[in-house]
Amino acid sequence: MGRVFLAFLCGSRLFCCAKCRALLTTEKYLESTGFVGSTGPAFLFRHAVNIHHSQVHHRFMTTGPHLVRDVYCKSCNTRLGWMYEYTIVPDQVYKEGKVILEQRLFVEIDNPVKCMDPTCKGE
């Protein structure tokens, strides 16, 4: 197996894998904290890095049927949540392409380091 390269995102509040602390996303991409996963509360994000996912499978949820992929940490392979691929329920289309991370499976870290990337714009 080759070397695993992890991506980095700028931000003042970071969300990382609880097991290995690999960066997953930032508050910039947080869309909602009102979701529930198999381990309890879960957050919906527009974008996440350092993840890989399973094959697409059908899952019936409280909001209806969805095609989803389970999401895993790229570094330690811990299951973190799921990604919405497709839904047939018209008012749930906003979830497509977004990632749910379960709160018990990630940690929030306040980033004390100011980003030096000029494209970051302090986010």
- Item | Donor-acceptor pair, side chain of Ser54 and main chain of Asp70, under 3.5 angstrom | yes
- Got a second to check how far Ile109's CD1 is from Phe15's CZ, nearest 0.5 Å? 10.5 Å
- Roughly how far, to the nearest 0.5 Å, is the NE2 atom of His53 from the CZ atom of Arg79? 14.5 Å
- Provide the closest heavy-atom pair for Met61 versus Val68 in the form atom of the first, atom of the second, distance. CE-CG1, 3.9 Å
- When you measure from the side chain of Arg104 to the backbone N and O of Ala42, does any donor-acceptor pair fall under 3.5 Å? no
- Task: Would you check if the side chain of Arg69 reaches a backbone N or O of Gln55 as a donor-acceptor pair within less than 3.5 Å?
- Result: no
- Task: Anything under 30° is parallel, anything over 60° is perpendicular, the rest tilted; go ahead and classify Phe43 against Phe45.
- Result: tilted
- Task: Identify whether Phe106 and Leu30 are in the same connected component of the hydrophobic contact network (ILVMFWY, side-chain heavy atoms under 4.5 Å).
- Result: yes
- Query: When rounded to the nearest 0.5 angstrom, what distance separates CZ in Arg59 from CH2 in Trp82?
  - Reply: 6.5 Å
- Would you confirm whether Asn50, through its side chain, and Leu23, through its main-chain N or O, come within 3.5 Å as a donor-acceptor pair? yes
- Query: Hey, is the main chain of Thr39 close enough, under 3.5 Å, to the side chain of Glu102 for a donor-acceptor pair?
  - Reply: yes
- Under 3.5 Å, side chain of Glu108 to main-chain N/O of Arg13, donor-acceptor pair present? no
- Message: Grouping I, L, V, M, F, W and Y whenever their side-chain heavy atoms are under 4.5 Å apart, do Val56 and Val71 come out in a common cluster?
- Response: no
- Query: Shortest non-hydrogen contact from Leu80 to Cys73?
  - Reply: CD1-N, 3.6 Å
- Provide the closest heavy-atom pair for Val89 versus Pro65 in the form atom of the first, atom of the second, distance. CG2-CD, 4.1 Å
- d(Lys19 NZ, Thr78 OG1) to nearest 0.5 Å is 4.0 Å
- Message: Heavy-atom count check: over 12 atoms from other residues, nucleotides or ligands less than 6.0 Å from Lys98 NZ?
- Response: yes
- Item | Between OG1 on residue Thr87 and NE2 on residue His66, distance to nearest 0.5 Å | 4.0 Å
- Give a yes or no on whether the backbone of Gly97 and the side-chain of Glu85 come within a donor-acceptor separation of less than 3.5 Å. no
- Item | Minimal non-hydrogen separation, Tyr72 against Asn77, with atom names | CD2-O, 3.6 Å
- Message: Would the distance check show the side chain of Thr26 and the main-chain N or O of Leu14 forming a donor-acceptor pair, the cut-off being under 3.5 Å?
- Response: no
- Message: Once rounded to the nearest 0.5 Å, what's the spacing between atom CD1 of Ile100 and atom CG of Leu105?
- Response: 12.5 Å
- Message: With clusters defined by side-chain heavy atoms of hydrophobic residues (ILVMFWY) lying less than 4.5 Å apart, directly or transitively, does Phe35 cluster with Leu101?
- Response: no
- Pair Thr63-Lys95, side-chain donor/acceptor within less than 3.5 Å: yes
- Query: If you look at every heavy atom in Val93 and Pro90, which pair is closest and at what distance?
  - Reply: CG2-O, 3.3 Å
- Message: Taking the side chain as everything from C-beta on, heavy atoms only, tell me whether Ser75 gets closer than 4.5 Å to Cys17.
- Response: no
